[in-house]
Amino acid sequence: MNQSTKPMLLSAAGVAAALLVWQLMAVGKVAGEALPPVTTVFAALFTTLGTGAFWSSLGATVGISLLALALSAVAGVVLGILIGSFDPVRYATLAVLEFLKPVPPIVILPLAVLVFGPTQEMSLFLVAFGCLLPIVMQTVDGVHGTDPVARDTARSYGLKSPEILFRVVLPSAMPYIGTAMRVAAPAALVITVVAGLLGGGPGLGQSIYQAQSGGDYASLYALVIVLGVLGLIFQGATRAAERRALHWHQSFREVVH
Amino acid sequence: MNRTARNSLIGAGTPVVLLALWWVLSDQSTNAFFPPLRIILERFQQLWLFQHFQSDILLSLANLFTGFAIAAVLGITIGFVTALVPTVRWLIDPLIHFLRGIPPVALVPIFISLIGFGTEMRVTSIALAALFPVLIATVDGIRSVDQDILDVSRVYRLSRRERITNVILPSAGPQIFSGLQVSLQVAFIVMIASEMLGSSQGIGAMTLLAQQSFMIADMWAGILLLGVIGFAVNMIFNLVRRRVLAWYIGSRRLAKSA
């Protein structure tokens, strides 16, 4: 067999086998009605794709994720530059940020629902809260890790502070910010879904909750499949965007021998 | 005062000042959403120490650790097999990558419909959601083991078992641990989510219930507890990691100072 077709054939076989096992388990009623057959799920998926409600939920999910991501990127980079540029501020915020970092936004979901209600603002707030901290901390690291020689050289060439910020400090912090964004973008999607599922915010999370509580299991699986595809798109898009924005950086340059 | 002393004083002092500010500013608060810190701490003590300690805190933590342990063992094992046996890798690679794209919390409703609201559902949700980060990190870690080291170990005729335990496992270790850390965070999130979705036990359930029944101080007490647990679990993990990867962290430090 050809070297390059074998992996592809095996991959296809793997997917086919998984779908077959699923189908057999569903037809055999291993889990009763709660596990619908593949065929039913894909039929439900195509029906769902034809409804306006689905597309407006999808739009709400993507819109909330991207808007909150953009807000927290701008705020996070500005805050990160401020914190990273002044040592006392950096030390003052260190303990607080280190404490908050491992605390996921789902912890303050009840508070957000209490203050904002099950609204779009609630989702936006949660997503921004969840994405802001990693971006701030990475920016701080990047700003703090700027090569002091490059900074001093710029100063001795008579560059003013804003110029040093935009020509030396920010470019050298860019890979850190890029990493933070690559992690934050899929996280934004996840938090939007969480906010909808548990907090009643608009979007696909809410649709999943309704499908589950209404016993519409075929739609439940169809929506989860949609979310899986959406998650992959988010991951792929941010990776491509990072590569594009940072093509000049050595970790992305092609090695020339 | 010299600079380092001043900086560490600022570092240690700020959290204290912030907590003191919260205490003082909220003391006369009549805002329904932001009750005085004094009352929150009172409720914290009444609820968690120790009335609901066993019934809820221990229950949540036991689910968290069981789920995480299952995910860690399965993830590293499957990761090893996947990375070392090409046929297996080609078979399950697309499946893994698709499942990884699904937001972990979205799996909870599926497990609720399959197994109900009980402990099994929570542990299963946690284990499955936390499986993927460590699995993928293990595969990546093993695939990036230096080819020269592998060649050398072959030249020295190390057996397969020796190659795995003495060469591959240590050099993939740092990446496996980063995967485990992400898995732990996912496990914590899914622990809370699985409790918030319609169960009556656990810290997450109590916190959401307090919010829905407008017992605001209780809700704040729950948020505080979850925050502290999230922080503590991560800190313990870092201590373990530092211990296990001491050789790696030491060699990195040497390489940096050289």
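Fair warning: this is a prediction, and the values are worked out from it, not measured in the lab. Labels below follow one simple rule: chain letters A, B, ... track the order of the sequence lines, proteins then strands, and each chain is numbered from 1.
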For a quick test of reading the model, state the closest non-hydrogen atom pair linking [X] to [Y] and the distance between them.
X      : Y      : answer
A:I208 : B:A106 : CD1-CB, 4.1 Å
A:E242 : A:T179 : OE2-N, 3.6 Å
B:W90  : B:P94  : O-CD, 3.7 Å
B:A72  : B:L180 : CB-CD2, 3.6 Å
B:T207 : B:I203 : OG1-O, 2.7 Å
A:A188 : A:C131 : CB-SG, 3.8 Å

Just checking, any donor-acceptor pair under 3.5 angstrom between side chains of B:Q181 and B:N238?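 B:Q181 vs B:N238: donor-acceptor pair found between side chains.
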Side chain, backbone, both or neither: which part of [X] has an atom under 4.5 Å from a heavy atom of chain B?
X      : result
A:F99  : both
A:V103 : side chain
A:I225 : both
A:V89  : neither
A:L94  : neither
A:V193 : side chain

With only heavy atoms counted, which part of [X] is less than 4.5 Å from chain A, the side chain, the backbone, both or neither?
X      : result
B:N234 : side chain
B:F98  : both
B:I110 : both
B:R89  : neither
B:I229 : neither
B:I115 : neither

List in chain and number order the residues that pass side-chain contact (heavy atoms from CB on, under 4.5 Å) with A:T192, two or more places apart in sequence or in another chain; answer none if no residue qualifies.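 Once residues adjacent in sequence are excluded, the partners of A:T192 under the side-chain contact (heavy atoms from CB on, under 4.5 Å) criterion are A:T61, A:I64, A:S65, A:V127.
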Report the option among [options] that has the most heavy-atom pairs separated by less than 4.5 Å from atoms of chain B.
options                        : answer
A:I108, A:V113, A:V226, A:L230 : A:V113
A:A92, A:S213, A:G231          : A:A92
A:V96, A:V15, A:L111           : A:L111
A:L189, A:V194, A:V115         : A:V115
A:I106, A:V190, A:L114, A:V107 : A:L114
A:P104, A:A12, A:A18           : A:P104

Is the shortest side-chain heavy-atom distance between B:E195 and B:M191 below 4.5 Å?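 Yes - at least one pair of side-chain heavy atoms lies under 4.5 Å apart.
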Can you find a pair of side-chain heavy atoms, one from A:Q210 and one from A:S219, that are under 4.5 Å apart?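 Not in contact.
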Considering only heavy atoms and a distance below 4.5 Å, find which of B:G227, B:G101, B:G230, B:G204 pairs most often with chain A.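 Result: the option with the highest number of such pairs is B:G101.
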Close contacts, residues 120-129 of chain B versus chain A, judged by heavy atoms under 4.5 Å: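 Counting heavy atoms that sit under 4.5 Å from chain A, no residue of residues 120-129 of chain B is involved.
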Check this for me: does any side-chain nitrogen of one of A:R90 and A:D87 sit under 4.0 Å from a carboxylate oxygen of the other?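 Looking at A:D87 together with A:R90, the answer is yes, because their closest N to O distance falls below 4.0 Å.
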For A:F234, does the CZ atom have more than 12 heavy-atom neighbours from other residues, nucleotides or ligands under 6.0 Å away?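 Atom CZ in A:F234 is crowded, with more than 12 foreign heavy atoms closer than 6.0 Å.
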Determine, step by step, whether B:L209 and B:Q212 satisfy the side-chain contact (heavy atoms from CB on, under 4.5 Å) criterion, reporting the C-alpha distance in whole Å, the side-chain angles of both residues, the deciding distance to 0.1 Å, and the verdict. CA-CA 5 Å; B:L209 205 70; B:Q212 284 160 356; 4.2 Å; yes
My understanding is that only residues two or more places apart in sequence, or in another chain, count here; which of them pass ring-ring contact (aromatic ring centres under 6.0 Å, His included) with B:F132?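 ring-ring contact (aromatic ring centres under 6.0 Å, His included) check on B:F132 returns nothing, list empty.
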Output all residues satisfying ring-ring contact (aromatic ring centres under 6.0 Å, His included) with A:W22, sequence neighbours left out; order by chain, then residue number.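 ring-ring contact (aromatic ring centres under 6.0 Å, His included) check on A:W22 returns A:Y221.
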